[in-house]
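Remarks on the structure that follows.
Order of the sequence lines sets the chain letters (A, B, ...), proteins ahead of strands, with each chain counted from 1.
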Amino acid sequence: MEDERLYPFNTIEPKWQKFWREQRLFNIDTKNTANKYYCLMMFPYPSAALHVGHGRNYIIGDVVARYKMMRGFNVLAPMGFDSFGLPAENAAIKGGIHPKTSTLNNISTMKRQLNQWGVEYDWDREVISCLPEYYKWTQWIFVKLYEKGLAYKKKAFVNWCPSCKTVLANEQVVNGACERCSTEVSQKELEQWFFKITAYADRLLADLGKLTEWPERVKTMQANWIGKSEGVEIDFKIDGMDRTLKCFTTRVDTIYGATFIALAPEHPLVNTLIKGCKDEAGVLKAIQKMRNESKIERSQAEIAKEGVFTGRYVINPVNNKKVPIWIANYILMDYGTGAIMAVPAHDQRDFDFAKQYKLPIEVVIDNPKESLNAGTMKEAYTEEGVMVNSAQFDGLTSQVAMKKIADYFEEKEFGKKTTQYKLRDWLISRQRYWGAPIPMIYCEKCGVMTVPAEDLPVLLPESVEFRPTGESPLKFVKDFVNTKCPKCKGPAARETDTMDTFVDSSWYFLRYITPKMNDKPFDTDLVNKWLPVDQYIGGIEHAILHLLYSRFITKFLCDIGMVGFDEPFKNLFTQGMIIKDGAKMSKSKGNVVSPDALIRDFGADTVRLYTLFIGPPEKDAEWSDRGAEGSYRFLGRVWRLVEKRPAAKGRAASGAKISKEAEDLKRKVHQTIKKVTEDLDGGFHFNTAISAIMELVNETTDAMNAEAATPGDGAGVLAEAIESIVILLSPFVPHIAEEMWQSLGKENSIFKCKWPSYDKAAIVENVLTIPVQVNGRLRSKVEVPSDISEDKLKELVLADPKVNTWISGKAIKKFIVIPKKLVNLVVQ
RNA sequence: GCCGAGGUGGCGGAACUGGCAUACGCGUCGGUCUCAAAAACCGAUUUCCUCACGGAUAUGAGGGUUCAACUCCCUCCCUCGGCACCA
C-alpha cells in the first residue's frame with residue numbers, strides 16, 4: 001500500500017488540519033470589521049453520515065473562504081446545526097434513543113467528517129438550534145411577532161401527514177405528498193399557530209428586485225410562489241336577499257359576459273343560499289360530495305368539472321341582469337373570495353363548465369383577427385381584443401376597458417381594486433416534541449398570553465414518552481403543561497405545540513456574529529456591520545422555503561429596529577446536486593458514495609479537487625470514481641514536479657534577456673494567474689480554473705524535462721512556475737499545497753500569503769499564429785510578429801503556398817483581416 | 001398548460017463581445033518499464049474517405065442573417081427543474 005501512493009497524503013492531511021486549528025486560521029474577532037467578508041454555508045440537519053453530494057456545498061464554501069482570505073479579507077466562515085426536526089424524533093419512536101442523544105452524536109460524527117475534508121470553520125461560533133441558549137431566542141422572536149400581531153392562532157384546515165403524524169406548511173407539501181416521507185397528505189381541521197407572512201407579501205415580492213446577485217431561477221420561483229395578481233373585488237347583490245356576494249376577478253373587462261357565478265363548495269354562504277330551493281336535499285348531497293373530495297384530489301390532476309345550481313341569482317351591477325349562482329368543484333375556497341364571476345367566452349375553465357351544464361356563452365371581447373361566434377367557438381378566447389356587447393365600453397380595446405371599468409366600479413361603488421396573493425400564512429405549529437416550544441400560556445381567567453421574557457427559554461422537558469399518537473408528547477408531561485399564570489399566579493396551561501424547524505433556521509445567520517450573547521439574541525451594532533451576508537451558499541431545494549422565511553424574519557426584525565437591513569443575503573449561490581447512476585444519492589436507492597473510503601485511498605485533496613472539477617458547480621453532475629482517480633493522478637504529478645524541481649538559482653534578473661522557451665513558460669504562468677483569478681472573482685468557475693492550472697502543470701513538466709535534457713536559463717522561470725502552481729491550487733487542495741509550500745522553503749501558512757497578481761507585460765504574445773480562412777474554411781496558418789501591419793500581413797498571407805493552392809486562378813472578392821485574430825479571403 | 005434552465009466526441013465538460021469547435025479530465029487503443037501483471041509514464045483518439053499528404057463532415061432538427069454562427073433571428077423537437085382549476 002505504502003509504495004502505491006503517489007504522495008503521502010495520509011500523513012500530510014492530519015498534520016495541516018491540526019496546524020490550521022492551532023494557528024486559529026479561521027477564528028476571527030468580529031469586532032474587527034474592516035475588510036469583512038461573511039461567507040455562509042447553509043447549516044445542515046445533522047444526519048448520520050455525509051456523502052460526497054453533501055460535500056460539494058462545504059467544499060465550495062471552504063474554497064471561497066480560503067481564496068478571500070488570501071485576497072486580504074477578514075473572513076467569517078461559521079458553521080452550525082439545524083438540529084431540531086422530525087427524523088430524530090421518529091428514530092426515537094422506533095429505536096428508543098432520545099432525540100437529543102442521537103442528534104448530538106450525529107453532530108460529532110459530522111464534525112469529524114467535515115474536518116477530514118479539510119473544511120475549516122470558526123468553531124468558536126458554532127450554533128446548535130436545539131440547545132436552550134439558542135432556542136431561547138427563537139422563542140423570543142415568536143413573542144415579538146405575537147406582540148406585533150404577526151403570530152396568531154386559528155382553526156383551520158391543515159395539511160396532515162399521517163406518517164409523520166404532524167401538520168405541514170403549504171410549502172412542505174409536494175404534489176399532494178409530504179416533502180419528507182412522500183406519504184399522501186390529508187386535511188384536518190385543527191387550532192394552529194400561524195405567522196402572518198402574507199402581511200409582507202408585497203415587500204417580499206418587490207424586494208426581489210434588490211437581489212441582483214441572486215440566481216434568476218430562485219427569484220422566479222419565489223415570485224411565482226408569492227403569486228401576485230391585481231384585479232377588482234365585485235360586490236354582487238343577491239336577488240331576493242339582503243346580502244352581497246364578493247367575487248375577485250383579474251378580468252373586470254369581461255363583466256358583461258358573466259353568465260353565471262361559481263362558489264367553492266366550502267363557501268360560508270352556501271347553506272344560506274340553498275335553503276328553501278327546489279331540491280334542497282339533493283343539492284346538499286351534491287355539495288357534500290364535492291366537499292369530500294379532498295383538497296389534494298382536487299389539485300392533483302384536472303378532474304372533471306362538477307357543479308350544482310343553488311336556485312339563487314345575483315344582479316350584475318352593470319346591466320341589472322339576473323345571473324345564476326352555481327356551486328362548482330373547480331373553485332378554491334382559499335384563493336380570492338372563494339367565489340368567481342364566470343365568463344365562459346373568455347375563460348377556459350368557465351367555458352368547460354358552461355358546455356357541460358349548457359349555460360349561456362356570451363362574447364364580449366372580440367378577436368380582431370377573426371370575429372368570434374359564441375355558438376361555434378371550440379375554446380375560450382383569453383387574449384386581448386375589442387370590446388363588444390358591453391354598452392358604453394364597446395369599441396375600446398380590452399386593456400383600456402379594463403382600467404375604465406375598474407374606475408367606473410369604484411366610482412359607482414360596485415366594488416374596489418384589490419391585489420391577491422397565492423402566498424398563505426405560514427403554519428408553524430407542530431404537534432411534536434423535538435422542536436422549540438411555543439412560548440404561550442393559557443389561563444382560564446386572564447386568557448392567552450406570552451411567556452414573560454425573563455422566563456424564557458421555555459425548556460423542553462427531557463423525560464418524555466415517545467408514542468406514535470400524532471399528538472405532542474408534551475401534552476402528557478404534567479410538569480410541563482401545568483404552570484402558573486404570569487398575571488394572576490393562578491393555575492394555567494402551557495401551549496404544547498412546538499415550532500416548525502424553519503423558524504429556527506430563519507435567523508441563525510444573525511446569531512453567528514455574537515454566538516454567546518445571553519441577554520439579547522444578537523448584538524445589533526455588530527450584526528449591522530457584518531450583514532447582509534456577502535456570500536450565501538446552499539442547495540436549490542431551499543429556493544422557496546428557507547430563503548423566503550429568512551427574508552420575512554429579517555424584514556420583521558428590521559421593522560422592529562433589531563437590524564438595519566431588510567434583505568439578509570447579498571449574493572446567493574445555489575450549487576447543483578451530485579448524481580450517481582442517474583439519481584440523487586440516497587440511502588434507499590443504495591447509490592450513496594461515502595467520502596470515507598475515498599479519503600482513505602486517495603486523500604481529501606483528491607475528493608475536493610474532483611468535486612470542484614466535475615463540472616460547473618451550479619449544475620447537477622454525475623459522480624465517477626474513475627474521474628476522482630484522475631484528480632489523484634494530477635496531484636501526484638504536481639507533487640513530483642515540486643520534488644524534482646531543479647535547484648533554483650534565483651529568478652532571472654528583471655530585464656535580462658531570456659530564452660524563448662523561458663519566455664513562453666513565463667507567459668503561461670501569468671496567463672494562468674489571470675485566468676484563475678478571473679474565474680474565481682467573476683463567478684464560481686472552479687472547473688475551468690482547475691483545467692487552466694492543469695495546462696500550466698503540463699507545460700511546466702515539459703519545460704522541466706527539456707531543461708533537464710539541455711540545461712539553459714530556465715531554472716528561474718521554472719521556480720516561478722512551480723511556486724505559482726502551488727499558490728493557485730491552494731484554495732482547492734489546501735493540505736498538499738501547504739506541504740509543498742513548506743518544501744519550497746516558505747515559513748508561514750500558504751493562506752497567510754498574498755494571492756499573486758499577473759504581470760501585464762509578461763502575458764503579451766509577441767508572435768501570433770493567425771489562422772487563414774478561404775471562403776470561411778480554415779486553410780492555413782501564418783506565424784507573424786504581433787505588431788505586424790495589416791498590409792504586411794496581407795502580403796504574407798498571399799505568399800503562403802497553402803493559401804495559393806486555394807486561390808489560384810480565382811478573383812479575390814474580399815480580404816477580411818481581424819487584427820491579431822484571423823484572416824478570411826473570399827474568392828470566386 | 002405556464003415559467004425557468006438546458007441539448008457540443010464513447011463520457012464529464014471547454015469556447016471571450018459572432019472569429020482556429022471539441023481545451024482540461026475520464027474512458028478506449030497503442031507504446032515504455034516488467035519474467036508477467038498492476039501502478040506510473042509517453043503517444044493517438046469527432047465521424048467518414050485516404051498508405052499517406054490531405055479532404056469531406058459535425059455543436060438536438062430545419063430555415064435565416066453574415067465574409068464568418070455552439071454563439072444572433074425564426075419555426076419545431078427533446079430533457080431537467082419549479083408552479084399548476086390561483087379566477
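Ring to ring, F353(A) and Y330(A) are close: their centroids are under 6.0 angstrom apart. Under the 6.0 Å cut-off for aromatic ring centres, F573(A) and F684(A) qualify, their centroids lying closer than that. The aromatic ring centroids of W426(A) and F502(A) lie 6.0 Å or more from each other. Aromatic pair Y632(A)/F634(A): ring centres not closer than 6.0 Å.
Of all nucleotides listed (rC41(B), rA87(B), rC20(B)), rA87(B) comes nearest to the side chain of S229(A). Comparing atom distances between the V826(A) side chain and each of rC26(B), rC67(B), rC24(B) picks out rC67(B) as nearest. The side chain of R640(A) approaches rA40(B) more closely than any other nucleotide in the set rA23(B), rA40(B), rA14(B). Residue Q773(A) has its side chain nearest to rG19(B) when only rG19(B), rA87(B), rG82(B) are considered. Of the listed nucleotides (rG25(B), rG13(B), rC85(B)), rG13(B) has the atom at the smallest distance from the side chain of N687(A). Picking from rA14(B), rC41(B), rG19(B) the nucleotide with the shortest atom distance to the side chain of I816(A) gives rG19(B). When distances are taken from the side chain of R637(A) to each of rC41(B), rG19(B), rG13(B), the shortest belongs to rC41(B). Distance from the side chain of K821(A) is smallest for rG19(B) among the nucleotides rC20(B), rG19(B), rA40(B).
Of the C1' atoms belonging to rG12(B) and rC3(B), the separation is 29 Å, rounded to the nearest Å. A distance of about 40 Å separates the C1' atoms of rC35(B) and rU46(B), rounded to the whole Å. Across rU59(B) and rA23(B), the matching C1' atoms stand 15 Å from one another, rounded to whole Å. Taking atom P on both nucleotides, rC70(B) is separated from rG64(B) by 15 Å, rounded to a whole Å. For the C1' atoms, the distance from rC85(B) to rA69(B) is 44 Å, rounded to whole Å. Comparing rG55(B) with rU45(B), their P atoms are spaced 16 Å from each other, to the whole Å. rA52(B) and rA15(B): their C1' atoms are spaced 32 Å apart (whole Å). Comparing the same atom, P, in rA37(B) and in rC49(B) gives a spacing of 33 Å after rounding to whole Å.
Remark: rG4(B) base-pairs with rC80(B); criterion is Watson-Crick or G-U wobble with both hydrogen-bond distances under 3.5 Å. Across all strands shown, the partner of rG62(B) is rC74(B), judged by Watson-Crick or G-U wobble contacts whose two distances both fall under 3.5 Å. Pairing for rA87(B) is absent, judged as Watson-Crick or G-U wobble with the two contacts each under 3.5 Å. Of all nucleotides present, only rA40(B) satisfies the Watson-Crick or G-U wobble test against rU32(B), with each distance under 3.5 Å. Figure legend. rG10(B) is base-paired to rC26(B); pairs are counted as Watson-Crick or G-U wobble with both atom distances under 3.5 Å. Searching all strands for a Watson-Crick or G-U wobble partner of rC51(B) with both distances below 3.5 Å returns nothing. Checking rU17(B) for Watson-Crick or G-U wobble geometry (two distances, each under 3.5 Å) identifies no partner in any strand.
Between N775(A) and rC67(B) there is no side-chain polar atom (N or O) within less than 4.0 angstrom of OP1 or OP2.
Distance CE (M221(A)) to C1' (rG81(B)): 7 Å, rounded to an integer number of Å. Between N329(A) atom CG and rA87(B) atom P there is a gap of 18 Å when expressed in whole angstrom units. Computed from coordinates, the E629(A) CD to rA38(B) P distance equals 14 Å when rounded to whole Å. Taking atom CG on L696(A) and atom C1' on rG25(B), their separation rounds to 16 Å, with Å as the unit. Here rC67(B) presents its P atom at 17 Å from CD1 of I812(A), a figure rounded to the nearest Å. In this structure, H267(A) atom NE2 and rA87(B) atom P are separated by 17 Å, rounded to whole Å. When rounded to the nearest whole Å, the span between NE2 of H685(A) and P of rC16(B) equals 11 Å. Look at CG on D625(A): it is 11 Å from P on rG27(B), rounded to the nearest Å.
R56(A) contributes a side-chain N or O that, together with a main-chain N or O of G576(A), makes up a donor-acceptor pair within less than 3.5 Å. In this structure, Q356(A) contributes its side chain and K305(A) its backbone to a donor-acceptor pair below 3.5 Å. Between the side chain of D347(A) and the backbone N or O of T382(A) there is no donor-acceptor pair closer than 3.5 Å. In this structure, the side chain of S398(A) engages the main chain of G385(A) through a donor-acceptor pair within 3.5 Å. H51(A) places no side-chain N or O within 3.5 Å of a backbone atom of V593(A) that could act as its donor or acceptor partner.
Base contact: N824(A) has a heavy atom under 4.0 Å from a base atom. Within 4.0 Å of K814(A), counting heavy atoms only, lie sugar-phosphate atoms of the nucleic acid but no base atom. Residue contacts shown for G227(A) are absent, as no nucleic acid heavy atom lies under 4.0 Å away. As judged by a 4.0 angstrom heavy-atom cut-off over every strand, K781(A) is placed among the base-contacting residues.
Contacts classified as side chain to side chain donor-acceptor pair (under 3.5 Å) and involving residues 245-258 of chain A (residues at least two apart or in different chains) are given here: D235(A)-K246(A), R251(A)-D253(A).
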Treating primed atoms plus P, OP1 and OP2 as sugar-phosphate and everything else as base, which nucleotides of nucleotides 49-56 of chain B get B, S or - for protein heavy atoms under 4.0 Å? ------SS

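rG9(B) has its base syn relative to the sugar, with a glycosidic angle deviating from 0 by at most 90°.
When only modelled atom types and interatomic distance are considered, Q671(A) and E695(A) share no side-chain donor-acceptor pair under 3.5 Å.
If G338(A) and D702(A) are placed on RNA chain B by their nearest nucleotide, the residue sitting closer to the 5' end is D702(A). Checking M694(A) against D350(A), the closest nucleotide of RNA chain B that is more toward the 5' end is the one next to M694(A).
In this structure, CG on L798(A) lies 9.5 Å from CG on L793(A), to the nearest 0.5 angstrom. Between the CD1 atom in I325(A) and the CD1 atom in I261(A) there is a gap of 7.0 Å [rounded to 0.5 Å].
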Might you list the N or O atoms of the protein lying below 3.5 Å from N or O atoms in nucleotides 1-12 of chain B, with each pair's distance?
from	atom 1	to	atom 2	distance (Å)
rG12(B)	O2'	I614(A)	O	2.6

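Interface remark: the K305(A) side chain does form a donor-acceptor pair with the rC85(B) base, using a distance-only criterion of under 3.5 Å.
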